[in-house]
Amino acid sequence: MTKSLTIRRPDDWHLHLRDGDMLRAVLPHTAAHFARAIIMPNLVPPVVTGAQAAAYRDRIMAALPRDADFTPLMTLYLTEDTDPADVAAAHAAGLIHAVKLYPAGATTNSASGVANFDNVSKTLAKMAEIGLPLCTHGEVTDPSVDIFDREAVFIDRVLDPIRRSHPDLRVVMEHITTSDAVDYVKSSTANLAATITTHHLVINRNHILAGGIKPHYYCLPVAKRESHRLALRAAATSGDARFFLGTDSAPHTDANKLLPCGCAGCFTATNTMSILAEVFEQDGALDQLEAFTSLNGPGYYGLPVNDATLTLTRQAPSYPPHIDTPDGPVTVFDPDMPLNWSVA
Ligand code: NCD
Ligand code: ZN
């Protein structure tokens, strides 16, 4: 039985760090295990210009523990007013690594997102020209579309038309939750990849709704039925270079989660690597963990893999049920299964 596993240090290709006190509280959890992360720009107000991204990066660097080795990979929040020249300049300066598309109103802090996709066409054309990836929150916001169908409908109504108009645009479908998305990625021949979260490999919609409502399992896109979870597991553990980890670790205080209208997001930064080792071992794919967490992402983003390594040992880890922040406790995602791997 494998007792220890050493892999290249992982990266997180989709992460919410927030700002201020929350940033200072959650950042050490990511920096402890991950070398780099794609930083989501959905602050209030959102990070829409290169100057704002530079200032946010500085705040993240200032919040880092002294001994940490962590590089934030910044993104811009796409709006209908985004200036293609500003995007290109931020990319040329090495500041940003992606632009994030939120359909207006799709999720937490997405009010400034895109409503009319024709109005972002010039920016998308510029991004295609310079090779800057578009990260998509892939859910339509049409209230007549069932929430469990919003990802599949987004592919047909929004994503596929964008990719046909901009065939050279490099796209990352973020936090995919359906077999439809897995199939769509696999059917493409170029310029398409997807991130998968830790929690969507573990929970299906029963975890949220059966036996009482569990707000800590509520995130967006919402977890789907079991067949979709199994499709995500097969994709993640397959070694296919088009699939890689983006935790979507999204801290909200318990006070904001446990409301009559609670926030969406699971906080997984703390225990993700232990959970993933468990998931991959359960599927007989421990040998593919490194591809998913440490190789495929840099490959798609055109970055070198990390030199440093991370070692997991077969030993039951102990994680706190929540972390304390000045804003209040943030519950750590409960994988609802025993964990057998600790980060050394
Ligand atoms: C994210 C957040 O809280 O910022 N929430 C979530 O459920 N994933 C936003 C997002 O990525 O959709
Ligand atoms: Zn997210």
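We're numbering straight along the sequence, starting at 1. Counting convention: from 1, in listed order, for ligands and their atoms alike.
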Q) Does ligand 1 have any atom sitting under 4.0 Å from a heavy atom of Glu174? A) no

Q) Under 30°, 30 to 60°, or over 60°: which ring-plane class applies to Phe267 and His29, parallel, tilted or perpendicular? A) perpendicular

Q | Asp248, N/O/S atom nearest the Zn ion (ligand 2) | A | OD1

Q: Starting from atom 7 (O) of ligand 1, locate the nearest protein heavy atom and write down its residue, its atom name and how far away it is, to 0.1 Å.
A: Leu220 N, 2.7 Å

Q) Is the Zn ion (ligand 2) less than 2.8 Å from at least one N/O/S atom of His16? A) yes

Q. Quick one: which ligand 1 atoms are inside 4.0 Å of a heavy atom on His137?
A. 12 (O)

Q: Determine whether the side chain, the backbone, both or neither of Ala264 has a heavy atom under 4.0 Å from any heavy atom of ligand 1.
A: both

Q. Is Met40 touching ligand 1 with its side chain, its backbone, both, or neither, if touching means heavy atoms under 4.0 Å apart?
A. neither

Q) Any N/O/S atom of His14 sitting less than 2.8 Å from the Zn ion (ligand 2), backbone or side chain? A) yes

Q) Looking at atom 11 (O) of ligand 1, what's its closest protein heavy atom, distance included? A) His16 NE2, 3.0 Å

Q.
Working to the nearest 0.5 angstrom, can you tell me the gap between Leu124 CG and Leu78 CG?
A. 6.0 Å

Q) Under 4.0 Å from ligand 1, counting heavy atoms only, is it the side chain of Glu139, its backbone, both or neither? A) neither

